[in-house]
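Worksheet: the structure to be examined is printed underneath.
For clarity, every value in this text was computed on a predicted model and none was experimentally measured. Convention: sequence-line order gives letters A, B, ...; per-chain numbering from 1.
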Amino acid sequence: MAEVVERHGQASAESLQAERPRTRLAGRILSIRFHGKTGFADLYGGGARLQAYFRRDQLGEKGYRLFELLDLGDVIGVEGHLGRTKTGELTVFVAQVTLLAKALLPLPEKWHGLADVEQRYRQRYLDLIVNPGVRQIFETRARIIAFLRRFLEARGFLEVETPMMQLVAGGATARPFLTHHQALDLDLYLRIAPELYLKRLVVGGFDRVFEINRNFRNEGLSVRNNPEFTMLEFYQAYADYRVFMDLSEEMLTGLAENIAGSKKITYLDHSVDFSRWQRLSLREAICEYWLAGSPPKPAELAEATAVRRYAEQHDRWAERHPDRARTAEVPADSSAAVATGHLFEAVAERQLIRPTIVYDFPTELSPLAKQRDDDPTLAERFEIFAGGLELGNAFSELSDPLEQHARFLEQLRRRERGDLEAHQMDEDYVRALAYGMPPTAGEGIGVDRLTMLLTNTRSIREVILFPLLRPLRPEAPPESDSP
RNA sequence: GAGCCCGUAGCUCAGCCGGUAGAGCAUCUGCCUUUUAAGCAGAGGGUCCUGGGUUCGAAUCCCAGCGGGCUCACCA
């Protein structure tokens, strides 16, 4: 159907009258108007719409009777010639009609569409039939993924797939889902990140690899978080985080231009201009976007008690202005690193509308990132923000197996203290590093959030076809054996 | 997990100062041979989310539960 509309959409009434192009197509009826012994129906298919005109004197008794029995939602096939009506609309003048699928249940109303958010997600097929904008979001999502893939392939990156079910859930700070393999009698985690496997591949000689696939994190639902979400991760040997800062700016700016047709896009109430990137250190970002009176100096934020004091100052302000900022709520005994991390999220994150690279994260918060030579308390790591959304995270990879082993041990100590998100030990990964991993840069981009930004949607559920919802009735617990 | 808001026909919603449940679209019947939110005339359609309470009487007031949305928390 889209093809027919594409080919004849511009044709004049005269040329159609002369040619009377024969056509045969199928679609779903979303609107029907009877006029005695004739009638019109609007057919939808493949994202296109085309009007069909039915006449008793053309279809005969039997054919016209079938037309009269059609309901909204039915899928029909029609044969006839194309032309234009009085009002100039491209129309199939139907000679023959066939019922292809009967709708037993009525469609939601055409004018208001389906507005109930819950039903839209539970019955996404109805949402897609009735609300044209929804289809567009997912078409855009597919174009975004295609662009990212083309961009990386053009630069020599190889697409790979690594395990979703892992013995050790590593590569990120998050709680994993647990599952079980019957035949091996083995507990496995759904992956929280592909990172450690992708770096094993770099060790194996794939100097440039990427993966676009699902991650699973056992955490709360929100307008920005769905337990399963799509991540692009890519790794490049013989590069560092500076190289990836440039690459990220190029990739995301190119993406915005390709998808939106402009470097300047609108997200919610904001204008986001990808021709104006800024780069700030984490501490600079805190000072730059400080709201609670006179801001700290970046150097002051290296010291734990000073950071905690500023965090208290911020929290007092934030409590009076809950609409402007969140509270940092820095735990009393936390290090400068942890306190700065909290403070950054509370002060700056929401305000990072314009595309921004925030770098110099504390090493303590970055167990897989290489530390800076001149200051080992800071890691060669950055995050990407735009439109107030955190879009990506990248760093020069830690390739020293001894240092990595020590970092894992530190993470284990945190686990023992009850930190469920702390990394597990991954001995095999450390062993891989011990065979020598070239200096490598790595990056992860949240594809869902990128789609939110580029389709101007405020909820991640709008860009995931089937977001997780509670079941309406508690499902019977699944049998443990597969069928 | 916490706070606030919401749940009425297949869909979108009104009714909420307690007094027999409504509209538009959709469905069914009739009329109408170029309409496009077609039109006109008529008909059918309800677990007012669920359960309890107050009351002579509850969609409406109160309590609990279920589901959803938003904010926060968890979380990059």
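Across every strand in view, B:G24 sits in a pair with B:C11 that passes the Watson-Crick or G-U test at under 3.5 angstrom. Of the nucleotides present, B:C56 is the one that pairs with B:G19 by Watson-Crick or G-U wobble criteria, both distances under 3.5 Å. If you check B:G1 for Watson-Crick or wobble pairing at under 3.5 angstrom, you find it paired to B:C72. Pairing for B:A64 goes to B:U50, judged as Watson-Crick or G-U wobble with the two contacts each under 3.5 Å.
Listed pair A:R224 / B:C70 fails the phosphate criterion, with no side-chain N or O lying under 4.0 Å from OP1 or OP2. The phosphate of B:C11 (OP1 or OP2) has a side-chain N or O of A:Q119 nearer than 4.0 angstrom. Phosphate contact (OP1/OP2 of B:G68, side-chain N/O of A:R470, threshold under 4.0 Å): present. When the side-chain nitrogen and oxygen atoms of A:R461 are compared with OP1 and OP2 of B:G68, none of them lie within a distance under 4.0 Å.
Atom CD in A:Q51 sits about 8 Å away from atom C1' in B:U34, given to the nearest Å. In this structure, CG of A:L365 is placed 12 Å from P of B:C75, rounded to the nearest angstrom. Remark: P of B:C75 and CG of A:N215 are 17 Å apart, rounded to the nearest angstrom. Here B:A26 presents its P atom at 17 Å from CG of A:L114, a figure rounded to the nearest Å. One atom, CG of A:L105, and another, P of B:G45, lie 19 Å apart when rounded to the nearest Å. Here B:A26 presents its P atom at 15 Å from CG of A:L70, a figure rounded to the nearest Å. Rounded to a whole Å, the CG atom of A:L30 is 21 Å from the P atom of B:U35. Note: CD (A:E319) to P (B:A73) measures 12 Å, nearest angstrom.
Among residues two or more places apart in sequence or in another chain, the side chain to side chain donor-acceptor pair (under 3.5 Å) test is passed with A:E329 by A:T327. The side chain to side chain donor-acceptor pair (under 3.5 Å) search around A:T23 returns none, not counting sequence neighbours. The side chain to side chain donor-acceptor pair (under 3.5 Å) search around A:N456 returns none, not counting sequence neighbours. With sequence neighbours excluded, no residue forms a salt bridge (Lys or Arg N to Asp or Glu O under 4.0 Å) with A:E345.
For the C1' atom pair drawn from B:G15 and B:U8, the interatomic distance equals 9 Å after rounding to whole Å. When the P atom is compared between B:G51 and B:G44, the two are found 28 Å apart, to the nearest whole Å. Taking the C1' atoms as reference points, B:G18 lies 33 Å from B:A26, given to the whole Å. Spacing of C1' atoms, B:U60 relative to B:C6, comes out at 16 Å, to the nearest Å.
Residue-to-nucleotide proximity on RNA chain B shows that, of A:A174 and A:V223, the 5′-proximal contact is made by A:V223.
No engagement by A:V130 is indicated, since no non-hydrogen atom pair under 4.0 Å with the nucleic acid exists. Residue-level contact check: A:L420 touches neither bases nor backbone, having no heavy atom under 4.0 Å from any strand. Residue-level contact check: A:L469 touches the backbone only, with heavy atoms under 4.0 Å from sugar-phosphate atoms and none from bases. Counting any heavy atom pair closer than 4.0 Å across all strands shown, A:E89 reaches a base atom. Contact annotation for A:G113: backbone-only contact, meaning every heavy-atom pair under 4.0 Å involves sugar-phosphate atoms and none involves a base. Nucleic acid contact class of A:E345 (heavy atoms, under 4.0 Å, all strands): base.
For A:P106, taking side-chain heavy atoms from C-beta onward, the closest of the listed nucleotides B:U35, B:G10, B:U12 is B:G10. Candidate nucleotides B:U27, B:G68, B:U34 were compared by shortest atom distance to the side chain of A:D71, and B:U27 ranks first. The side chain of A:P108 has B:C11 as its nearest neighbour among B:U33, B:U34, B:C11. Residue A:E109 places its side chain closer to B:U12 than to any other of B:U33, B:C72, B:U12. Closest to the A:E118 side chain, of the nucleotides B:C75, B:G68, B:U71, is B:G68. For A:E219, whose side chain is taken as the heavy atoms from C-beta onward, the closest listed nucleotide among B:C13, B:C70, B:C75 is B:C75.
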Can you give the donor-acceptor pairs under 3.5 Å from side chains of residues 94-108 of chain A to other protein atoms, not counting sequence neighbours?
residue: A:K102; atom: NZ; partner: A:L69; partner atom: O; Å: 3.4
residue: A:K102; atom: NZ; partner: A:D71; partner atom: OD2; Å: 3.0
residue: A:K102; atom: NZ; partner: A:D74; partner atom: OD2; Å: 2.8

Compile the donor-acceptor pairs under 3.5 Å between side chains in residues 37-50 of chain A and protein atoms, sequence neighbours left out, one pair per line.
residue: A:T38; atom: OG1; partner: A:H35; partner atom: O; Å: 3.2
residue: A:D42; atom: OD1; partner: A:R33; partner atom: NH2; Å: 3.3
residue: A:D42; atom: OD1; partner: A:R49; partner atom: NH2; Å: 3.1
residue: A:D42; atom: OD2; partner: A:R33; partner atom: NH1; Å: 3.3
residue: A:D42; atom: OD2; partner: A:R49; partner atom: NH2; Å: 3.3
residue: A:R49; atom: NH1; partner: A:E89; partner atom: OE2; Å: 3.0
residue: A:R49; atom: NH2; partner: A:E89; partner atom: OE2; Å: 3.0

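A 4.5 Å side-chain heavy-atom check between A:E312 and A:R316 finds at least one atom pair inside the cut-off. In this structure, the side chains of A:E349 and A:Y289 stay at 4.5 Å or more apart for every pair of heavy atoms.
Contacts between residues 375-396 of chain A and RNA chain B, counted as heavy-atom distances below 4.0 Å, involve A:R381, A:E383, A:E390. The stretch residues 54-69 of chain A touches RNA chain B through A:R55, A:D57, each having a heavy atom within less than 4.0 Å of the strand. RNA chain B is contacted by A:R458 of residues 440-458 of chain A, taking any non-hydrogen atom closer than 4.0 Å.
Listed by first then second residue, pairs satisfying ring pair (Phe, Tyr, Trp, His ring centres under 6.0 Å) with a partner in residues 322-372 of chain A read A:F344-A:F385, not counting sequence neighbours. Sorted by first then second residue, the salt bridge (Lys or Arg N to Asp or Glu O under 4.0 Å) pairs that include residues 107-117 of chain A, not counting sequence neighbours, number zero.
Cation-pi check for A:R200 over A:Y197 is met; the charged atom lies under 6.0 angstrom from the ring centroid and within 45 degrees of its normal.
A salt bridge links A:R191 to A:E211: one of the charged nitrogens lies within less than 4.0 Å of a carboxylate oxygen. A salt bridge between A:R279 and A:E284 is absent, with no side-chain N of the basic residue lying under 4.0 Å from a carboxylate O of the acidic one. Here A:R372 does not pair with A:E380 in a salt bridge; the nearest charged N to carboxylate O distance is not below 4.0 Å. Using a 4.0 Å cut-off between a side-chain N of Lys or Arg and a carboxylate O of Asp or Glu, A:R242 and A:D240 qualify as a salt bridge.
The ring of A:Y64 has its center closer than 6.0 angstrom to the ring center of A:F67. Taking the six-membered ring for Trp and the full ring otherwise, the centers of A:F244 and A:F382 sit at least 6.0 Å from each other.
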Could you go through nucleotides 38-42 of chain B and list every protein N or O atom that sits under 3.5 Å from one of its N or O atoms, giving the distance for each pair?
residue: B:A38; atom: OP1; partner: A:K110; partner atom: NZ; Å: 2.4
residue: B:A38; atom: N7; partner: A:F34; partner atom: O; Å: 3.4
residue: B:A38; atom: N6; partner: A:F34; partner atom: O; Å: 2.8

